[in-house]
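Lettering follows sequence order; numbering is per chain, from 1.
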Number of protein chains: 2
Amino acid sequence: MQSAEHPSRTARGRAAAGEPRPRFDTLTVPKASDVLAAEVRERILSGEFTEGMALPPERQLVEQTGLSRATVREALRVLEVERLLEIRPGRGGGAFVHRPGRESLANTVRLVIRGQRIRLEDLHETREAIEPACAALAARRRTDADLAELDDAHAELVAAGDDIQRFLRANIHWHNAVARAGENELLIGFMSALSQSIHAATDIEQFMDADIRKLTARAHARITEAIRDRDSEAAMRRMTRHVCGFAQAAAEVDRRDGVELTDPEN
Amino acid sequence: MQSAEHPSRTARGRAAAGEPRPRFDTLTVPKASDVLAAEVRERILSGEFTEGMALPPERQLVEQTGLSRATVREALRVLEVERLLEIRPGRGGGAFVHRPGRESLANTVRLVIRGQRIRLEDLHETREAIEPACAALAARRRTDADLAELDDAHAELVAAGDDIQRFLRANIHWHNAVARAGENELLIGFMSALSQSIHAATDIEQFMDADIRKLTARAHARITEAIRDRDSEAAMRRMTRHVCGFAQAAAEVDRRDGVELTDPEN
DNA sequence: CGGCCTCTTTGGCTGAACCATTCAACACAG
DNA sequence: CTGTGTTGAATGGTTCAGCCAAAGAGGCCG
């Protein structure tokens, strides 16, 4: 700061002589821990640090970087939050490179959905965009194992009967199985996060009555058949109808709830 | 550990007497900074801490929590990475609650895409699922301002001529404008991350020849028209054709490159 | 009154030390 | 020789005390 004020005075004298001075943009000073984190992040993402590789222990990083331990720890912590490192305590522990899997993709997306307070309608619309595509891909790429899982999930759904919690678990399981059969990691992650978020945000007990459950089971069966026949057109069409129907039903209940629940509050 | 071995001996004696012993699961000890981070995170997400609200300064948090400053700082750092806090130094600074916007949604998704090394085909497939839906929504919900932005972006695209970088910027801008017109925050974030990631991953100079540029401009024009006419069917159909065509062209070039570029390496 | 200076508040960073967990090596009893 | 308990070392987790740097607040002097 002082070294920035000081020259400005002398420079003003020169400016009076008509000589143009160089222009400096307001420069941003990054935090030390961010610098280290960025360095390590790049080396992980570039593939220089491979999955499972152990970083040097903290105290050694302190030596090598010239930073303090707190700073090094902050950097490691940042990368742990970003799921690029996994840190284990104790002897033989340390920071290990970890290329996150589909689970953490789903977790991240879910956190973002919650953090941004995305509207439920937005979630439904997004699902209407994504899930039919998943069904279409599933129909093209399904293996027999995928099919078996779909059948299992559907059997469980039917077997659930009036046990709503069991029904809902089987429902999510079936939807995730469709996404997995599509073999697209990104769509799998999105769908997983979406279905969980929608499930969590919907007061689902309210409208999961016997009729809707029956309708759901029929729709799943027909979609599963299309996937079995590798008929991606039909799978997509039927899935579109299924999720749109669900969204409408949810909106219906939500509107009723809106009247019941938000009025007394205000 | 010792307290777990010790009783086992005395208990073994009792077990011989046929009396079942209680079973302990391996218990997990959370880190102090995680506990604090979780606490603050919940209070932000639940709405108790509102946007822009200032948390107490670090030293005061140290008093109130009974933790050390390093621990408190780690917790705040975690929340900063999750974009739930914004931390500013200097007097009048501190930790401020920050509900992340669409920019950080896109950033997060982009990081995940890169971190997981999602395949380019997966990106294209996901885009083929999402962007037509965006176009359909845009046709239904567009305002005149949205339309103006689309027209601007298209004009810029046409004006770019042979300046490929300028063309590409205008291209991304137009695609983002479509998403924004759809008014779905989640889709906006996904699309923004997708188009940037695809752009970054495609060796785009290679196949963005004059023909493709002309084709792109025509497609954009026709889609913009559909959105102007609020014809969501047409918008969706044309967008599907557009992005599929792009994906095929990219795959074509990629295959050619694959032969050229990966052979010499091996 | 306005510009400058100093003071205070706040985050950023350091260093040293101690605690907790885990694993490996080793010594000792059976 | 075997297995079992003990000890020690490596490593992350936490604390404490302190200094530095940035940035606003308020007073002081021209």
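A donor atom on one side chain and an acceptor atom on the other are not found under 3.5 Å apart for A/R77 and A/S33. The closest side-chain donor-acceptor pair between A/E131 and A/H175 falls under 3.5 angstrom.
Of the possible donor and acceptor atoms, one in the side chain of A/E51 sits under 3.5 Å from a partner among the backbone N and O of A/R99. Of the possible polar contacts, none joining the A/R102 side chain to the A/G189 backbone as a donor-acceptor pair under 3.5 Å is found. Not a single donor-acceptor pair under 3.5 Å links the side chain of A/S104 to the backbone N or O of A/N107.
Atom CD in B/E86 sits about 18 Å away from atom P in C/dT10, given to the nearest Å. B/L55 places its CG atom 19 Å from the P atom of C/dT9, with the value rounded to the nearest Å.
Pairing each heavy atom of A/E185 with each of A/L105, the nearest pair is O-CD2, 3.6 Å. When all heavy atoms of A/L123 and A/I113 are compared, the pair lying nearest together is CD2-CG2, 3.8 Å.
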Can you check nucleotides 23-26 of chain C for protein contacts, nitrogen or oxygen pairs under 3.5 Å, and list what you find?
none

Where protein sits on nucleotides 12-20 of chain C, one letter per nucleotide: B base, S sugar-phosphate only, - none, heavy atoms under 4.0 Å: BBB--BB--

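Side-chain atoms of A/L61 and A/L67, non-hydrogen and from C-beta on, never get closer than 4.5 Å to each other.
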